[in-house]
Protein chains: 2
Amino acid sequence: MSQGNSDVPVPVEDQACTVRQVLDRVGGKWSIGILVAASKGPVRFTELERSVEGISRRMLTLTLRQLERDGLLVRTVYPTVPPKVEYRATEIALELYDSLVTLTTWAERHRATIAAARESYDREHGLTPVS
Amino acid sequence: MSQGNSDVPVPVEDQACTVRQVLDRVGGKWSIGILVAASKGPVRFTELERSVEGISRRMLTLTLRQLERDGLLVRTVYPTVPPKVEYRATEIALELYDSLVTLTTWAERHRATIAAARESYDREHGLTPVS
DNA sequence: CCGAATCCGCCGTGATACTG
DNA sequence: CAGTATCACGGCGGATTCGG
């Protein structure tokens with residue numbers, strides 16, 4: 001009722017923008033890692049802190065909030081004595097993760113190619129050595 | 001010949017990292033737009049400047065260099081009187097764009113859902129109104 | 001026409017410490 | 001256990017200007 005614009009598909013020229021929307025959403029440094037961890041079932045805050053290696057408490061909280069806001073994660077609080085909070089991936093998050101696999105596949109396929117391209121490029125334009 | 005490590009697939013636990021590699025590569029604010037424009041055939045610098053709306057010369061050059069370095073774009077210089085440079089998407093870039101369509105589809109499907117989730121979230125945690 | 005160089009503001013990110 | 005608050009830093013990205 002509130003929105004009825006789901007029938008105005010974006011023209012091809014603006015697909016880039018649409019992709020950017022997604023990238024802006026999951027493009028955070030930690031979003032993917034959290035999504036992956038949460039996709040395997042409900043997970044607690046501290047578990048994530050350990051699971052997603054290298055993340056700080058601050059960024060964990062921030063990313064969690066963002067993902068929750070976008071409806072990619074569900075936050076469940078158990079008002080027990082030691083507070084317990086569980087995060088669970090939603091349906092669309094699982095679908096997203098599924099989509100991400102396509103990108104992973106691409107990266108896998110061309111990993112070596114890209115690495116070679118970089119080396120090649122760096123050799124040529126490799127910053128006139130010394131000076 | 002120089003590389004033979006394409007047979008060391010990344011374990012599932014590190015897929016997130018792999019995805020991040022891709023995201024870091026095409027996650028730039030303008031990469032997608034440029035890639036989209038270049039996918040339709042060779043394009044000149046000035047054309048891109050107009051085509052990719054809102055981009056500055058600096059970022060166009062920077063992004064172009066990065067994409068060229070990763071072997072996603074090919075730069076061709078025509079030493080004519082008014083310098084002419086053309087950029088062309090490579091095979092893997094086209095494949096990547098193809099992969100990106102998957103994400104686009106996801107975004108399209110859940111655009112409304114996510115928007116609703118945000119509104120809902122903002123209403124609840126929407127900063128205790130007034131006070 | 002194509003691009004490099006410089007200056008600068010913004011914000012994502014990390015470290016640390018405090019609360020319920 | 002599960003956050004929140006504050007400070008500081010680094011790099012991305014924009015505007016502008018100069019060079020080939």
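Chain letters run A, B, ... following the sequence lines, proteins first, then strands; residues in each count from 1. Everything numeric in this text was worked out from a predicted model, so none of it was measured.
For D:dT17, neither phosphate oxygen OP1 nor OP2 lies less than 4.0 angstrom from any side-chain nitrogen or oxygen of B:Arg58. In this structure, A:Thr80 does not reach the D:dC1 phosphate: none of its side-chain N or O atoms is under 4.0 Å from OP1 or OP2. At the phosphate of C:dT19, neither OP1 nor OP2 sits under 4.0 Å from any side-chain N or O atom of A:Arg57. When the side-chain nitrogen and oxygen atoms of A:Arg44 are compared with OP1 and OP2 of D:dA2, one or more of them lie within a distance under 4.0 Å.
Rounding to whole angstrom units, CZ of residue A:Phe45 and C1' of C:dG20 are separated by 14 Å. Atom CG in A:Leu48 sits about 9 Å away from atom P in D:dA2, given to the nearest Å. Distance A:Glu49 CD to D:dC1 C1': 10 Å, rounded to the nearest Å. In this structure, CZ of A:Arg65 is placed 10 Å from C1' of D:dT4, rounded to the nearest angstrom. One atom, NZ of A:Lys29, and another, P of C:dG12, lie 14 Å apart when rounded to the nearest Å. The distance between atom CD of A:Glu47 and atom P of D:dG3, rounded to the nearest whole Å, is 13 Å. Rounded to an integer number of Å, the gap from CG of B:Leu62 to P of D:dG11 is 14 Å. Atom pair B:Met59:CE and C:dA4:P shows a separation of 13 Å (rounding to whole Å applied).
When heavy atoms are screened at a 4.0 angstrom cut-off, A:Tyr78 is found touching no nucleic acid atom at all.
In terms of hydrophobic clustering, with Ile, Leu, Val, Met, Phe, Trp and Tyr side chains grouped at heavy-atom distances under 4.5 Å, B:Ile55 and B:Val36 are assigned to a common cluster.
In the set D:dA2, D:dG14, C:dG14, D:dG14 carries the atom at the smallest distance from any side-chain atom of B:Ser56. The nucleotide whose nearest atom lies closest to any side-chain atom of B:Thr61 is, among D:dG3, C:dG3, D:dC1, C:dG3.
B:Glu49 places no side-chain N or O within donor-acceptor distance of the main-chain N or O of B:Arg57, the cut-off being under 3.5 Å. Remark: the backbone N or O of B:Ala116 is not paired with any side-chain donor or acceptor of B:Ser120 at under 3.5 angstrom.
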